[in-house]
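Worksheet for the structure shown next.
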Amino acid sequence: MSLRTMSWAEAVTESTRKPTRQPLNTYVPPHLRYNAGSSYGPGSSFTESTQYGFPPSYAGGGYRGGGRTGPSRGGGGRGGRAGGYGGRSRGWSQSSNPSPYPKQNRDPFHDVSEKFEKLQVSEEDINVGINFDAYEDIPVDSSGEDVPPPVNTFQDIDLGDCLNNNIKRCRYVKPTPVQRHAIPIAMAGRDLMACAQTGSGKTAAFCFPIISGVLTKCLSRSQSPGDGWTVFPSALILSPTRELASQIYEEAEKFAYQSGAKVAVVYGGAPMGQQLRELERGVDILVATPGRLVDMIERSRVSLKLIKYLALDEADRMLDMGFEPQIRKIVQRMDMPPPGARQTLLFSATFPNEIQRLAADFLKNYIFLTVGRVGSSTDLIAQKVEFVRDMDKIKHLCGLLKNQRENVTHGKLALTLVFVETKKGANHLENWLSRNGFPAIAIHGDKVQMERERALRSFKCGSTPILVATDVASRGLDIPHVSHVINFDFPKSIDDYVHRIGRTGRAGKSGLATAFFSEKNQPLAKALVELMKESKQEVPSWLNDYADQSLSYGGDQSQSYGSSNFGGYDFRRSENYHGSDNYGYGDSTVGVAAATFNDVAGSYAADSFGYGGNYGDSSVAASAGSFNDASYTGGEHDVAGASGSSSYGNYENIVAGGWD
DNA sequence: AAAAAAC
């Protein structure tokens with residue numbers, strides 16, 4: 001059976017698809033932005049066309065239909081409510097959309113289907129451009145007591161029919177390395193601190209066990225214990241930004257489709273009323289940003305009393321200076337059950353020791369897991385560092401963008417993400433670029449939520465192929481087709497650098513990251529050089545000189561990026577850690593996972609295969625011709641010290657066949 | 001000094 005015909009989700013999309021749609025490539029400069037249909041002047045050589053709108057009528061008829069009464073739905077408890085949200089009408093689903101993101105289609109898999117339709121992939125194409133051999137090299141390291149062994153297929157884990165069906169609908173064919181290791185750990189009920197780059201399937205890694213657990217253990221309890229308006233979710237997923245929360249929510253909706261587990265999202269900047277109404281419909285899994293959640297808890301609209309699962313995405317960010325008090329409040333000073341009485345899962349690409357120490361308070365007898373591609377996409381991202389004086393930055397950026405523009409010959413999407421330090425700087429650059437013929441839009445925390453989301457949407461779909469962003473966009477966001485990340489202002493920490501460049505090189509495709517480095521960034525030179533060496537990047541000699549000078553600054557900044565402990569190293573192993581009895585940390589492996597990682601992002605999932613061939617390789621001007629798939633074959637990846645747990649089984653039959 | 005996150 002061909003992939004083209006096997007998907008149920010595809011059929012749903014097909015039946016609700018509007019026959020014609022507007023072209024995707026549109027740029028409308030700021031001063032014309034509210035005039036739909038206007039086109040930009042002669043300055044730009046980017047594609048012009050009518051504004052891409054989201055017709056209100058595009059929403060499909062209630063996708064849930066009677067789905068919530070499906071076989072895996074828990075007993076009678078909430079049956080009485082089912083009628084209320086079965087068979088949503090068109091008008092209803094529009095007006096009650098909890099997120100200001102326009103829902104194009106109530107089918108949560110619409111993006112999966114669209115991707116496949118647009119790309120017209122055949123089964124043969126799916127193999128193209130994927131380096132399956134690279135999977136064998138992925139270093140994995142775990143520490144803690146009795147670490148459950150990894151699995152090789154989704155079927156090896158008893159996730160249940162419903163979840164398995166949704167995995168199929170998402171076209172996931174084989175678990176990614178982080179999923180192979182983290183899911184069994186989480187399914188065994190263990191607490192987990194995991195280092196794995198976003199884009200390597202992290203969201204699914206914590207969502208699958210949570211959904212499975214909610215379905216089997218919590219569903220019947222999730223109804224309100226009686227006090228009116230308060231809702232009692234069984235699982236809480238926290239995110240540092242609103243856009244990431246929204247993204248996690250959308251993913252979780254797919255995974256929980258027709259399962260009976262209800263997912264909801266709450267975050268600031270959007271009307272509280274809508275979110276509350278959505279909560280009143282029942283919520284098992286709540287995705288949230290901290291501020292809005294605290295607000296709702298204090299208003300007694302949400303109680304954490306019945307929380308059985310707590311997940312922190314970008315956990316190190318959630319516990320850094322600005323965030324820690326809020327998180328501590330939610331986790332320790334509201335009504336959440338203590339460690340041991342709940343299961344806690346922490347994920348991030350970077351995990352500094354100090355943060356691990358804080359995070360340990362939230363966990364009990366946890367497993368520390370480091371899975372492939374820690375800290376960076378390494379081989380997939382070509383990193384360039386250029387010395388640019390502050391006053392020359394704009395001119396320099398302009399040159400890069402021009403170059404790039406000339407190279408986009410086939411009208412393919414080639415998105416450029418430009419990171420700046422401040423909100424003011426973002427506005428300034430957005431304006432300057434727009435005035436000078438570059439289709440740019442900015443996203444930062446001073447914009448109202450609608451604008452933030454519009455900017456992101458406009459960037460994602462290619463209407464505005466240059467996004468100027470603060471660190472609000474540095475973590476977790478999955479934006480396909482970002483071919484170039486430019487660090488216009490060098491980030492404040494090397495971890496931020498890691499997260500920022502991780503916005504490109506996704507889905508197994510190459511990406512380019514260019515950083516502007518000036519004198520004042522000298523304190524980070526050493527850490528940067530170490531990071532670049534780890535990922536086999538060419539380090540300019542002038543940068544080496546800076547790094548040598550910065551020795552005198554002490555090792556603080558570069559602490560995590562020494563020879564072998566790249567992104568994360570279980571702090572319990574360090575000499576000066578004298579843990580309590582809680583922390584057995586039987587070392588199964590000695591060396592830490594490794595220097596070079598070949599995790600090919602979403603490649604495991606069939607849904608990301610399609611970019612292949614015509615995207616990425618040629619779309620970036622200054623792109624390093626030398627970093628393509630060929631670089632995998634060299635065998636130059638030294639997998640330092642990934643002992644013990646790093647034997648990997650069969651990789652045959654990775655592709656779709658596994659599902660039939 | 002700066003990002004982010006509630007109203």
Side-chain angles (χ1 to χ4, degrees), chain A residues 98-100 198 236-249 265-276 279 286-302 304 312-331 333-334 348 350 352 355 358 390 417-430 442-453 455-456 467-477 485 487-503 518 520-521 523-524 557:
Chain A
S99 152
T198 309
L236 176 65
I237 300 170
L238 290 174
S239 147
T241 66
R242 299 164 183 174
E243 286 76 13
L244 182 57
S246 185
Q247 179 182 300
I248 295 167
Y249 167 72
V265 64
V266 301
Y267 52 76
M272 169 109 69
Q274 272 182 16
Q275 293 177 359
L276 287 174
L279 291 182
L286 181 60
V287 184
T289 50
R292 177 58 61 91
L293 178 65
V294 168
D295 196 357
M296 286 186 169
I297 294 171
E298 286 173 347
R299 293 173 192 228
S300 293
R301 303 304 293 265
V302 173
L304 304 179
L312 267 60
D313 203 358
E314 308 297 342
D316 61 332
R317 163 66 95 236
M318 304 295 281
L319 288 166
D320 80 6
M321 286 210 318
F323 258 129
E324 192 208 342
Q326 271 184 94
I327 303 303
R328 234 173 236 289
K329 182 173 182 181
I330 293 169
V331 177
R333 286 194 273 285
M334 306 301 253
S348 182
T350 51
I355 305 288
L358 297 175
D390 289 339
L417 183 45
V418 183
F419 281 106
V420 296
E421 197 55 43
T422 65
K423 294 176 276 202
K424 212 175 123 190
N427 283 334
H428 178 243
L429 197 52
E430 173 192 34
I443 185 169
H444 61 70
D446 272 358
K447 289 201 169 191
V448 297
Q449 193 57 23
M450 283 260 286
E451 288 180 309
R452 284 168 59 159
E453 286 166 12
L456 192 56
L467 183 67
V468 182
T470 60
D471 275 325
V472 68
S474 65
R475 283 171 174 259
L477 296 186
V485 168
N487 275 299
F488 185 87
D489 295 323
F490 202 84
K492 286 286 174 265
S493 80
I494 202 66
D495 284 351
D496 287 335
Y497 175 84
V498 165
H499 285 276
R500 285 180 178 186
I501 69 172
R503 296 315 100 209
S518 68
K520 67 176 187 206
N521 304 124
L524 283 174
Q557 294 276 21

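Numbers restart at 1 for each chain; the letters A, B, ... are given by sequence-line order, proteins then strands.
Residue A:Ile330 contributes atom CD1, which lies 13 Å from atom C1' of B:dA4 at whole-angstrom precision. Here B:dA4 presents its C1' atom at 5 Å from CZ of A:Phe323, a figure rounded to the nearest Å. One atom, CD of A:Glu314, and another, P of B:dA4, lie 15 Å apart when rounded to the nearest Å. Atom pair A:Arg475:CZ and B:dA5:P shows a separation of 13 Å (rounding to whole Å applied). Rounded to an integer number of Å, the gap from A:His444 NE2 to B:dA5 P is 12 Å. For the pair A:Asp446 CG and B:dA4 P, the interatomic distance rounds to 7 Å; values are reported in whole Å. In this structure, A:Ile327 places its CD1 atom 16 Å from P of B:dA4, rounding to the nearest Å. Between the P atom of B:dA6 and the CD atom of A:Gln275 lies a distance of 9 Å, rounded to the nearest Å.
The side-chain hydrogen bond (donor to acceptor under 3.5 Å, both in side chains) check on A:Asp316 picks up A:Ser348, A:Thr350, A:Arg475, with sequence neighbours excluded. A:Asp390 is linked by a side-chain hydrogen bond (donor to acceptor under 3.5 Å, both in side chains) to A:Lys393, A:Ser518, A:Lys520, counting only residues two or more places apart in sequence or in another chain.
Of the listed nucleotides (B:dA6, B:dA5, B:dA2), B:dA6 has the atom at the smallest distance from the side chain of A:Glu298. Set against B:dA3, B:dA5, B:dA2, the side chain of A:Lys492 has B:dA2 as its closest nucleotide. For A:Gln326, counting side-chain heavy atoms from C-beta on, the closest listed nucleotide (B:dA4, B:dA5, B:dA3) is B:dA5. Proximity note for A:Thr241 (side chain, C-beta onward) versus B:dA2, B:dA6, B:dA4: the nearest is B:dA4.
Using a distance-only test at 3.5 Å, with no hydrogens or angles considered, no donor-acceptor pair links the side chain of A:Arg500 to the main chain of A:Asp471.
Phosphate contact (OP1/OP2 of B:dA5, side-chain N/O of A:Arg452, threshold under 4.0 Å): present. Contact between the side-chain N/O atoms of A:Thr289 and the OP1/OP2 oxygens of B:dA6 is found at a separation under 4.0 Å. A:Lys423 has a side-chain polar atom (N or O) that falls below the 4.0 Å cut-off from OP1 or OP2 of B:dA3. Checking the phosphate oxygens (OP1, OP2) of B:dA6, no side-chain nitrogen or oxygen of A:Arg299 falls inside 4.0 Å. Taking side-chain N and O atoms only, A:Thr470 has a distance below 4.0 Å to OP1 or OP2 of B:dA4.
Counting non-hydrogen atoms under 4.0 angstrom, A:Gly322 reaches a base of the nucleic acid. Using a 4.0 Å heavy-atom cutoff across all strands shown, A:Asp496 reaches no nucleic acid atom at all.
Counting only heavy atoms from C-beta outward, the side chains of A:Ser246 and A:Tyr267 approach each other to under 4.5 Å.
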ask   = Please walk me through it: do A:Asp446 and A:Lys424 pass salt bridge (charged side-chain N to carboxylate O under 4.0 Å, His left out)?
value = CA-CA 9 Å; A:Asp446 272 358; A:Lys424 212 175 123 190; over 6 Å; no

